[in-house]
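Predicted, not measured: the structure shown is a model, and the values here were computed from it. A, B, ... follow the sequence lines: proteins, then strands. Residue 1 opens every chain.
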Amino acid sequence: MSDRTAVIREIAAKWLEEGIVEAVLGWEAGTYGDRTSPVIIRSVEESERLVFNERCTNNLATYLLREPVRSMGSVAIVAKGCDVKSLIGLVQESQVPREKMKILAVTCEGVKDDQGRVPVKCAACDVNTPVYFDEIAGEKVESSPDNEARMKRVAEIEAMSNEERYRFWREQFDKCIRCYACREACPLCICARCIADKNQPQWVDTSAHPRGNFSWNLVRAFHLAGRCVECEACETACPADIPLMLLNRVMAREVAEAFSYEAGRDPESDPPLRTFNLDDDNSFIL
Amino acid sequence: MAENGWEPRIVAFVCNWCTYSGMDLAGTSRMHYAPNVRVIKIPCTGRFDPLFLIKAFEKGADGVLVSGCHPGDCHYSEGNYNARRKFTLFRKLIAFAGIDLERVRFSWISAAEGGKWVEVINEFTRHIEGKGPFAEYREMIDE
């Protein structure tokens, strides 16, 4: 049992006992190997089920806006640095009142997927030690973000011709089965009624057909522009292995370049598409 | 008209207050411009949702124009500033997805600029004529 697991259990038990929170969102041991699965802990006794290891890949923030957590009173959430960024986004957009949420941050050296691979987000991580929390578990972990690793595949795609890029994405989007796992896993896909579910008018074709797949995937990426904190929950959840993060990273880079903004940093700041500057780029408009 | 009977189909999303009136001015002034443009009036460029653009291509557009009030002239004070930010990002997104940015235009045309409307439409139509139909997209949606 790692130190962090012990600290998480201890803090969770304390908060539950004192009645500060109604439940704790965390990870418990999964049914297979060292996998973990999300769990909602409601009592002091149950808090012994909480664990933390490098297989805690899920971003639990997505559960905050779903039942049964949504209608609970105060809730604690165990969060890695990347998950904390999405919590900042939720607070910033008034989705979760800060006073109703206790953040139990945990330091992290990076997670691993089923094949033991380290995700790109961990190579590029600059929040191994979270900076926004109520309590923190674990010793300080230094970050050495590798931005080149983060943008490597984006650069490869951008080096292609228009036609090649179009073919590349056609092939990728053709794999989409429209399960909306990307949407469900995303902590910041917050619309109670998604545009893709509305049919009067039907903006996005619902079948797993190239037509709707193209518009769905582009719209998903655009709705996260300036909001995505690059937690990679969408790409991790995608059963079709579509490199969704490439789209999100391009948007994040453009937001940084055009509007000097980075998502998931400051809960008090204005998201870039909720504000404007009089001297924003006008060069592409006739 | 091209030999095979194809003509560019251009969809223009124009704001109610400036570009629509500018276009109206061109009409009442009896100016001629390419008949290839289908105009869709929106209250403000701030209403423009990138889905409109995708939908236009899905419905067979070869080029899409979005046009509204000059910065500072928005009827709702700041709709076009918000729109400009959306355009900035969405252009990058569709370019990254391999959609040819030359098929998408943005312009500010005021109610007094009937002449500019004529110029923009004629030039854009000629440009799309040169590029030909948006075959890649059509092939995908008709599949």
Side-chain angles (χ1 to χ4, degrees), chain A residues 154 157-158 160-170 172-174 195-196 201-205 209-219 221-226 246-255 257-259 271-286, chain B residues 45-46 49-55 57-59 65-68 70-72 74 77-109 113 116-117 119-120 123-124 134-143:
Chain A
V154 169
I157 311 278
E158 284 184 327
M160 297 176 178
S161 70
N162 246 344
E163 290 73 26
E164 286 170 330
R165 268 203 303 276
Y166 188 75
R167 266 204 307 280
F168 172 81
W169 285 111
R170 270 275 333 246
Q172 295 301 327
F173 293 156
D174 273 2
I195 185 88
Q202 186 133 47
W203 285 109
V204 183
D205 268 31
H209 177 279
R211 183 197 322 219
N213 288 2
F214 214 86
S215 50
W216 160 248
N217 284 286
L218 288 187
V219 160
F222 188 70
H223 284 182
L224 286 159
L246 296 178
L247 300 167
N248 295 342
R249 289 203 180 95
V250 163
M251 287 288 89
R253 186 193 61 198
E254 294 308 323
V255 166
E257 282 176 8
F259 312 131
L273 289 181
R274 203 163 70 183
T275 179
F276 61 85
N277 281 329
L278 295 182
D279 56 357
D280 282 335
D281 179 26
N282 199 56
S283 60
F284 62 94
I285 304 176
L286 297 171
Chain B
T45 42
D49 187 311
L51 262 174
F52 295 179
L53 188 145
I54 295 176
K55 203 66 174 177
F57 284 136
E58 274 182 11
K59 293 285 185 190
L65 170 78
V66 188
S67 185
H70 286 269
C74 180
S77 303
E78 50 196 47
N80 52 0
Y81 289 120
N82 289 312
R84 190 165 62 182
R85 285 210 154 187
K86 279 194 269 181
F87 300 164
T88 302
L89 293 184
F90 197 66
R91 281 177 86 238
K92 300 289 179 180
L93 182 64
I94 58 174
F96 188 68
I99 291 179
D100 188 352
L101 274 188
E102 291 188 23
R103 295 192 179 274
V104 184
R105 290 261 162 110
F106 302 95
S107 63
W108 305 135
I109 298 176
E113 292 177 318
K116 182 173 176 185
W117 168 261
E119 261 171 50
V120 167
E123 193 278 325
F124 193 26
F134 197 0
E136 312 93 282
Y137 211 90
R138 212 155 295 169
E139 174 210 332
M140 173 175 82
I141 59 179
D142 291 341
E143 197 176 66

What is the distance from atom OG1 of B/Thr88 to atom CG of A/Asn282, rounded to the nearest 0.5 Å?
8.5 Å
Would A/Trp203 and B/Ile54 count as a side-chain contact (heavy atoms from CB on, under 4.5 Å) if you check the C-alpha gap in whole Å, the side-chain angles of each, and the deciding distance to 0.1 Å?
CA-CA 9 Å; A/Trp203 285 109; B/Ile54 295 176; over 6 Å; no
Describe, in one word, how the ring planes of A/Phe284 and B/Phe106 are oriented to each other, choosing from parallel (under 30°), tilted (30 to 60°) and perpendicular (over 60°).
perpendicular
A/Arg170 and B/Met140: which non-hydrogen atoms are nearest, and at how many Å?
CD-SD, 3.2 Å
Kindly compute the distance separating CG (A/Leu247) from CD1 (B/Ile94), expressed to the nearest 0.5 Å.
12.5 Å
For the interface with chain A, which of B/Pro50, B/Ser67, B/Pro71 has the highest count of heavy-atom pairs at distances below 4.5 Å?
B/Pro50
Atom group of B/Phe87 that falls short of 4.5 Å from chain A, counting heavy atoms
both
Ranking B/Ile109, B/Val120, B/Asn82 by heavy-atom pairs under 4.5 Å to chain A gives rank one to B/Asn82
Pairwise distance CZ(A/Phe222) to CG(B/Leu51) - rounded to 0.5 angstrom:
9.5 Å
Do you know which of A/Asp281, A/Val255, A/Thr275, A/Asp205 has the most heavy-atom pairs under 4.5 Å to chain B?
A/Thr275
Closest heavy-atom pair and its distance - A/Asn162, B/Ala95
OD1-O, 4.1 Å
So, for B/Arg85 and A/Leu273, which heavy atoms are closest and what is the spacing to 0.1 Å?
CB-CD2, 3.8 Å
Value for CD1 (B/Ile99) from CH2 (A/Trp169), rounded to nearest 0.5 Å, stands at 12.5 Å
Would you mind checking which part of A/Leu246 comes under 4.5 Å of any heavy atom in chain B, side chain (CB onward), backbone (N, CA, C, O), both or neither?
both
When rounded to the nearest 0.5 Å, the distance separating CZ of B/Phe96 from CD of A/Glu254 is 10.0 Å
So, the part of A/Asn213 with a heavy atom under 4.5 Å from chain B: the answer is neither
Both conditions, 6.0 Å and 45 degrees, for the charged tip of B/Arg84 above the ring of A/Phe276: are they met here?
no
Would you mind telling me which of A/Arg274, A/Arg165, A/Met160, A/Glu158 has the largest number of heavy-atom pairs within less than 4.5 Å of chain B?
A/Arg165
Note: vs chain B, highest number of non-hydrogen pairs under 4.5 angstrom among A/Asn277, A/Val204, A/Ile195, A/Asn217 is A/Asn277
Cut-off 4.5 Å, heavy atoms of chain A, and the answer for B/Leu93 is both
Pairwise distance NZ(B/Lys55) to CD(A/Gln202) - rounded to 0.5 angstrom:
7.0 Å
What part of A/Phe214 is in contact with chain B, defined as an atom under 4.5 angstrom from a non-hydrogen atom: side chain, backbone, both or neither?
side chain
Minimum side-chain heavy-atom gap B/Lys92-A/Glu257 below 4.5 Å
no
Which heavy atom of A/Leu218 sits nearest a heavy atom of B/Ala97, and at what distance?
CD2-CB, 3.8 Å
